[in-house]
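See below for the structure under consideration.
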Amino acid sequence: ILGTVLVGYYSNYYMIVYSVTSVIGIVLGSAKASIGNLNVCESNDNKLLIFNRIQYINYIGYGFSAVCLAQLLSPFISLWIGKEYVLGKYVVYTIVLNFLICGLLHTVTIFKDACGLFWQTRYRTMATAIVNVVVSIVLAHFLGLAGVFLGTIISYLVTILPKDPVVLFGEIFQVSAKEFYYWYFKSFSSTLAIYVVIHTVCSAIPIKGWGNFFIMASITTVLTAALFLLFTRKTEEYKYFRNLLFNSFVKKR
């Protein structure tokens with residue numbers, strides 16, 4: 001629909017986003033075997049406790065990465081291979097939104113797969129594929145490349161998000177998924193708020209060379225990390241990992 005030239009432009013962005021996704025996937029995917037054992041041996045309350053802790057790591061990983069990608073992707077591409085290869089800002093936003101919306105559901109997917117809940121979501125899987133293909137093709141004609149990613153986003157929001165958490169929480173934790181949806185929208189909103197702050201601060205830095213880019217990247221990295229810790233400092237998961245790191249440090253000393 002859009003031509004191979006535009007696909008080539010996107011491949012530069014895809015390579016970077018895929019690399020970030022792979023790193024997060026390696027970190028969280030290593031827990032899949034343990035989750036299967038957890039499902040057999042532990043109580044529902046313990047399963048939910050571990051789920052929340054892994055979900056916290058997932059949120060920090062995907063949220064932090066989404067903010068950095070949204071702010072730094074286009075400037076990096078511009079300096080790396082040239083301004084003519086930079087995609088429009090709305091296309092970049094849909095790429096990052098797709099990354100974030102899918103990423104925030106990653107913990108649900110890991111637990112669902114580790115616990116073998118494939119049969120319960122068999123129709124949802126088919127519906128996701130159909131909605132994704134049909135909506136992406138239709139929107140691509142009107143919105144171009146951004147429409148392709150909007151199609152994927154819409155397929156997640158109308159099929160996976162309403163179904164998978166309900167199946168997981170009902171089958172494995174045997175509780176309502178209402179708290180998860182509250183967490184999901186709160187996490188999504190806080191990530192957008194952090195990006196607005198980062199973008200406002202970094203908009204004063206002109207990208208005229210690698211030196212300015214590294215200054216922007218340093219400010220983005222440090223400030224984003226600080227804001228995420230500030231947003232989550234009162235959660236039980238933050239306190240758990242803070243104490244875990246502190247006790248580990250004291251033990252090594």
Residues V108, F51; criterion side-chain contact (heavy atoms from CB on, under 4.5 Å); working and verdict: CA-CA 8 Å; V108 171; F51 174 85; 4.0 Å; yes
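- When the side-chain hydrogen bond (donor to acceptor under 3.5 Å, both in side chains) test is applied to N46, the partners found at least two apart in sequence or on another chain are E42.
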Apply side-chain contact (heavy atoms from CB on, under 4.5 Å) to V148 and L2, showing your working. CA-CA 10 Å; V148 178; L2 303 175; 4.2 Å; yes
Using side-chain contact (heavy atoms from CB on, under 4.5 Å), reason through T191 and Y59 one step at a time and then give a plain yes or no. CA-CA 9 Å; T191 303; Y59 163 59; 3.6 Å; yes
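- For the side-chain hydrogen bond (donor to acceptor under 3.5 Å, both in side chains) test with T159, the passing option among T125, T128, T121 is T128; the others fail.
- Side-chain atoms of N52 come within 3.5 Å of backbone atoms of L48 as a donor-acceptor pair (strictly under, hydrogens ignored).
- Under the 3.5 Å distance criterion, the side-chain polar atoms of T94 are matched with a main-chain donor or acceptor of V91.
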Which atom pairs, donor and acceptor, lie under 3.5 Å between side-chain atoms of residues 68-81 and protein residues at least two apart or in another chain?
{"unit_1": "Q71", "atom_1": "OE1", "unit_2": "H199", "atom_2": "ND1", "d": "3.2"}
{"unit_1": "S74", "atom_1": "OG", "unit_2": "Y13", "atom_2": "OH", "d": "3.4"}

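- With rounding to the nearest 0.5 Å, the separation of CG in L28 from NE2 in H106 is 5.0 Å.
- Side chains of T152 and N132: a donor on one and an acceptor on the other come within 3.5 Å.
- Ring geometry, F180 versus Y184: the interplanar angle falls from 30° to 60°, so the pair is classed tilted.
- At distances below 3.5 Å, not a single donor-acceptor pair connects side-chain atoms of K163 with backbone N or O atoms of R124.
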Only pairs under 3.5 Å count here: list side-chain donor-acceptor contacts from residues 235-244, not counting sequence neighbours, and write none if there are none.
{"unit_1": "T235", "atom_1": "OG1", "unit_2": "T232", "atom_2": "O", "d": "2.7"}
{"unit_1": "T235", "atom_1": "OG1", "unit_2": "Y238", "atom_2": "N", "d": "3.2"}
{"unit_1": "N243", "atom_1": "ND2", "unit_2": "K239", "atom_2": "O", "d": "3.1"}

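- Between F169 and F173, the ring-plane angle classifies as perpendicular under the 30° and 60° cut-offs.
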